[in-house]
Amino acid sequence: MDSEVFKIVLDYINVVFFTFTVVLFSMFSIMGYLSTRNSIHYRNKNSFGDLSKVMASPLAPSITIVAPAYNEGLTIVENIRSLLSLRYVNYEVMVVNDGSKDDTLEKMIAAYDLVKVEQEIDPNWRSKPIRGIYRSKQRSFSKLTVIDKENGGKSDALNTGMALSDSKFVGCIDVDCLLLPDALLHVVKSFYQRSGKRVIAVGGVIRVANSCVIQGGQLEEIRLPTSWLARFQLLEYTRSFILGRMAWGRIDSLLIISGAFGFFDREVAMAVGGYDTGTVGEDMEIVFRMRRFMHDHRLPYTVEYIPDSLCWTEVPEDLEILVNQRDRWARGNLETLNTHKDMFFNSKYGRLGLISYPYWFFYEWLAPLLEFFGFISIVLFYYLGILNWDFFIAISVTVYLFSVMFSFYAILWDVYSYNEYKKTKDILILMFCALVEPFTFHPIVVWAAIRGNYKKLFKIKSGWGSQIRKGFAKAA
């Protein structure tokens, strides 16, 4: 009898993993189809019309770029120079020095001839104390404002900038990001291209800038990263942004806008209280709250997504820093899902409650846990001599081939659509990364997710962590 029960349990486990795999394959196949349709639609829609003259007008809508900075002394001057060179008239760059312990503030003061100014601050806004507000004496740097405050974390810094801004739109980015000169033209155009719905947020593709050549705050030459760790992240970003988020944008169900490149309708963002300072997944959580706010007030709205390569950022090349980053992402994901758990299969929120939230629950949060415990089960079954080798080999080979195929499609579609990496050698290297990723990079990501969930579930205190910048390559 015991053996029969044991066999039933094993069969049940096999059915669960097989069903999960089939549904996952179906979801990713649909995702590839939707992203392709959306990319083609976006290219056709934006193949005509020139808004540069309109957006160069002083009457163009105002926008404030808020960039938190913490210990960014290595790249801060170059990064600000990039932000000040954008092709748009009515915008402001607000750098929030979040209690840096290095020479970040001193370098900004010296490079941009900053002096402290007086400005009225809302005493009721919940943020860490502001130590000073700085502006440049040079007219050429009139768009720059630097806020020096006590350390309160990225969310607190973003909230400070959002509160001090009086622009219609606010862009929340990482200070180490390089935006292309036309970035704001695309962003503002996205806010105004819908007539029946209010665009409350605009996100976009994040590109990997490691090993690229930067000169005078401008991207001079695109190069494939020399670090293998950065190459794997490039492949991962290509899949996630070019296919994943493009697909969610197609059905208007995008639940996350990357903290490295996110723009918001300031009125709506302020109405929901800005960023949540109690989570490390602030970029995802604010989109949840803004969407819920519009749903609860029965207001027609949408979230736009831009597939053009407008934002380039440096990714970790150190294994420990990468694991800490993915650990933080996992904790932020779990915090947000728990905060908004009443959306789970809640028809009140339409596709968000019936499709988006369940996807994030099952395949962004639960999948790494299933992978981890699945691996433990395989080792245990092998030790007990009850491993079904035929089933194990069949499903493993199928999953591997599908993941490689999906990665190949992402690489080739990116080449066809945007062709950022033009050397055949670079494309072959990325394809090689796709072949070995399941055995090398992916286990690291799964382990980081397990660690993050363990910390969160067992209330082990852990903050944001830090990322050490190497700085961008300079043109000779």
Side-chain angles (χ1 to χ4, degrees), residues 34-35 37-67 82-94 143 162 165-173 177-207 218-219 241-242 245-254 256-269 283 287 290-291 294 299-313 414 417-418 420:
L34 291 174
S35 62
R37 288 288 304 273
N38 202 19
S39 295
I40 295 173
H41 174 73
Y42 180 86
R43 291 177 63 183
N44 292 338
K45 183 176 63 175
N46 293 275
S47 61
F48 58 89
D50 181 14
L51 292 178
S52 60
K53 294 181 180 179
V54 177
M55 294 307 174
S57 167
L59 300 178
S62 58
I63 187 166
T64 297
I65 299 175
V66 181
S82 170
L83 295 175
L84 292 174
S85 63
L86 299 178
R87 201 169 297 152
Y88 197 78
V89 172
N90 196 9
Y91 82 100
E92 173 188 19
V93 175
M94 188 177 291
K143 293 183 183 296
M162 196 180 295
S165 168
D166 56 4
S167 298
K168 181 174 178 60
F169 304 115
V170 60
C172 300
I173 71 169
C177 289
L178 291 174
L179 302 186
L180 295 193
D182 289 337
L184 294 188
L185 299 180
H186 288 270
V187 169
V188 176
K189 179 182 66 175
S190 296
F191 273 111
Y192 281 94
Q193 65 184 1
R194 295 293 187 107
S195 57
K197 295 181 178 181
R198 181 174 185 174
V199 178
I200 63 170
V202 174
V205 172
I206 307 299
R207 294 285 185 173
Q218 298 297 317
L219 183 65
F241 288 100
I242 300 300
R245 297 191 188 179
M246 199 69 185
W248 289 113
R250 177 69 178 177
I251 60 174
D252 195 15
S253 300
L254 194 63
I256 183 171
I257 288 179
S258 175
F261 185 78
F263 291 78
F264 303 96
D265 183 313
R266 181 175 174 273
E267 182 183 10
V268 179
D283 50 355
V287 178
M290 291 176 70
R291 278 188 171 274
M294 300 300 285
L299 300 172
Y301 78 98
T302 188
V303 173
E304 288 290 335
Y305 183 75
I306 305 173
D308 295 311
S309 305
L310 303 177
C311 179
W312 295 73
T313 190
D414 187 43
S417 301
Y418 304 103
E420 300 290 1

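This chain uses plain numbering: 1 for the first residue, then up along the sequence. Note that the coordinates shown come from a computational prediction; the quantities given were computed from them, not determined experimentally.
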Side chain [X], main chain [Y], donor-acceptor under 3.5 Å:
X: D283; Y: S258; answer: no
X: S253; Y: I251; answer: yes
X: Y305; Y: F241; answer: yes
X: K143; Y: N90; answer: no

Between [atom1] of [X] and [atom2] of [Y], what distance do you get to the nearest 0.5 Å?
X: H186; Y: Q193; atom1: NE2; atom2: CD; value: 11.0 Å
X: L86; Y: I63; atom1: CG; atom2: CD1; value: 9.5 Å
X: C311; Y: L219; atom1: SG; atom2: CG; value: 11.0 Å
X: S417; Y: M246; atom1: OG; atom2: CE; value: 8.5 Å
X: D166; Y: R266; atom1: CG; atom2: CZ; value: 7.0 Å
X: Y42; Y: E304; atom1: OH; atom2: CD; value: 9.0 Å

Do you know the tightest heavy-atom contact between [X] and [Y]?
X: S309; Y: L180; result: O-CD1, 2.8 Å
X: G262; Y: I257; result: CA-CG2, 3.4 Å
X: I200; Y: M290; result: O-CE, 3.3 Å
X: P181; Y: Q218; result: CG-OE1, 3.4 Å
X: K168; Y: P61; result: CD-CB, 4.4 Å

Intermediate values then yes/no, side chain to side chain contact (heavy atoms under 4.5 Å, CB included), R291 and V303: CA-CA 9 Å; R291 278 188 171 274; V303 173; 3.5 Å; yes

Heavy atoms from other residues, nucleotides or ligands near CZ of R37 exceed 12 (cutoff 6.0 Å): no

Is [X] salt-bridged to [Y], going by a charged N under 4.0 Å from an acidic O?
X: E267; Y: R198; result: yes
X: K197; Y: D252; result: yes
X: D308; Y: R207; result: no

Single hit among F264, F263, F191 for ring-ring contact (aromatic ring centres under 6.0 Å, His included) with F169: F191

Taking the side chain as everything from C-beta on, heavy atoms only, tell me whether [X] gets closer than 4.5 Å to [Y].
X: Y91; Y: S167; result: no
X: Y88; Y: V188; result: yes
X: W312; Y: E420; result: yes
X: V205; Y: I306; result: no
X: S62; Y: E92; result: no

Stepwise side chain to side chain contact (heavy atoms under 4.5 Å, CB included) test for V268 and M294: CA-CA 9 Å; V268 179; M294 300 300 285; 4.2 Å; yes

Pair V202-F261, side chain to side chain contact (heavy atoms under 4.5 Å, CB included): steps then yes or no: CA-CA 9 Å; V202 174; F261 185 78; 5.6 Å; no

Side chain to side chain contact (heavy atoms under 4.5 Å, CB included) partner of L179, chosen from L310, I173, T313: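 Among L310, I173, T313, the one that satisfies the side chain to side chain contact (heavy atoms under 4.5 Å, CB included) with L179 is I173.
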
